[in-house]
Amino acid sequence: ARTPVNAKLWPKYRGSSLQSEAGYFGNIYHKEIDNLLEISKLVVRVVPNFKLFIFGDGYPEDRDKLQKKIFEANLSQVVCLKESVSIEKMRAIQSKLDVLLLPREKGEFSDAGFPNKIGEYLASGCPTVCTDVGEISRILIPGEHIRMVPPGDNRLFAKEVIDCLS
């Protein structure tokens, strides 16, 4: 049996007043990273002070490839690639962000159940936008617990992020 997320470990959400900050915590190998870059392009057109922080694991050569993608997409001032952090640091960082993101693709990996990451995101008290994959919509109510969009619709995902930042 899985242990539920302990909400007491996450500080109350406060948000940032200087810029609109989003976060992603996870592996940098997944297709969702490409989605995050596309979503960031769309969001920054409407929210010029938007900043996305990607906290994740990866080999140095993969981090270099991602940094190159960020540069080539003209997102160097928007997307900031960070090393993975401890659970304690993650809780502190999440409490300061304005929105947390999980744009998963439909597939065998994402259809396997309910992502722990969503539980951690929600425990932070920070607004969360995700794609409707796996068992997420069987457990959470879109619009009440979380903002949810169909997988592959990065425009709608960006709109939900913008709405969270408004």
- Checking side chain to side chain contact (heavy atoms under 4.5 Å, CB included) for the pair L100/L97: CA distance, chi angles, key distance, verdict? CA-CA 7 Å; L100 295 167; L97 296 171; 3.6 Å; yes

- Message: Applying salt bridge (charged side-chain N to carboxylate O under 4.0 Å, His left out) to E38 and R155, what does each step give before you reach the verdict?
- Response: CA-CA 9 Å; E38 184 179 333; R155 288 192 184 284; over 6 Å; no

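F53 and L42 end up in different hydrophobic clusters when Ile, Leu, Val, Met, Phe, Trp and Tyr side chains are linked at under 4.5 Å. Tracing side-chain contacts under 4.5 Å through hydrophobic residues (I, L, V, M, F, W, Y), one never reaches F71 starting from V79; they form parts of separate clusters.
Within 6.0 Å of the NZ atom in K31, the count of heavy atoms belonging to other residues, nucleotides or ligands exceeds 12. Within 6.0 Å of OH in Y29 there are more than 12 heavy atoms belonging to other residues, nucleotides or ligands.
To the nearest 0.5 Å, atom CD1 of residue I70 and atom CD1 of residue I54 are 5.0 Å apart. Between C80 atom SG and E21 atom CD the span is 10.0 Å, to the nearest 0.5 Å. With rounding to the nearest 0.5 angstrom, the OG atom of S40 is 13.0 Å from the CG atom of N74. Atom NZ of K117 sits about 13.0 Å away from atom CG of L122, to the nearest 0.5 Å. Rounding to the nearest 0.5 Å places CZ of F50 at 13.0 Å from CZ of R45.
Remark: the backbone N or O of L102 is not paired with any side-chain donor or acceptor of Y24 at under 3.5 angstrom. In this structure, R63 contributes its side chain and I28 its backbone to no donor-acceptor pair below 3.5 Å.
Using a 4.0 Å cut-off between charged side-chain N and carboxylate O, E32 and R104 make a salt bridge. We find that E61 and K65 are not joined by a salt bridge, their nearest charged nitrogen and carboxylate oxygen being 4.0 Å or further apart. Note on E120 versus R91: no salt bridge recorded, every NZ/NE/NH1/NH2 to OD/OE distance being 4.0 Å or above.
At a threshold of 4.5 Å between non-hydrogen side-chain atoms, the residues C126 and Q94 do not count as touching. The closest side-chain heavy-atom distance from D98 to P127 is not below 4.5 Å. The side-chain heavy atoms of K51 and V78, taken from C-beta on, include no pair separated by under 4.5 Å. Inter-residue side-chain proximity for L101 and L52 is flagged as met; some heavy-atom pair is nearer than 4.5 Å. At a threshold of 4.5 Å between non-hydrogen side-chain atoms, the residues D34 and K69 count as touching. Side-chain contact between V99 and T128 is absent, with no heavy atoms from C-beta onward closer than 4.5 Å.
The only member of D153, V149, L156 that meets side-chain contact (heavy atoms from CB on, under 4.5 Å) when paired with T131 is V149.
Taking the six-membered ring where the residue is Trp, F25 and F55 present parallel rings, their angle staying beneath 30° rather than reaching 60°.
Between L37 and L75, the shortest heavy-atom distance links the atoms O-CD1, 3.4 Å.
The side chain to side chain contact (heavy atoms under 4.5 Å, CB included) search around D64 returns none, not counting sequence neighbours.
Counted by atom type alone, S84 and D57 present one or more donor-acceptor pairs between their side chains at under 3.5 Å.
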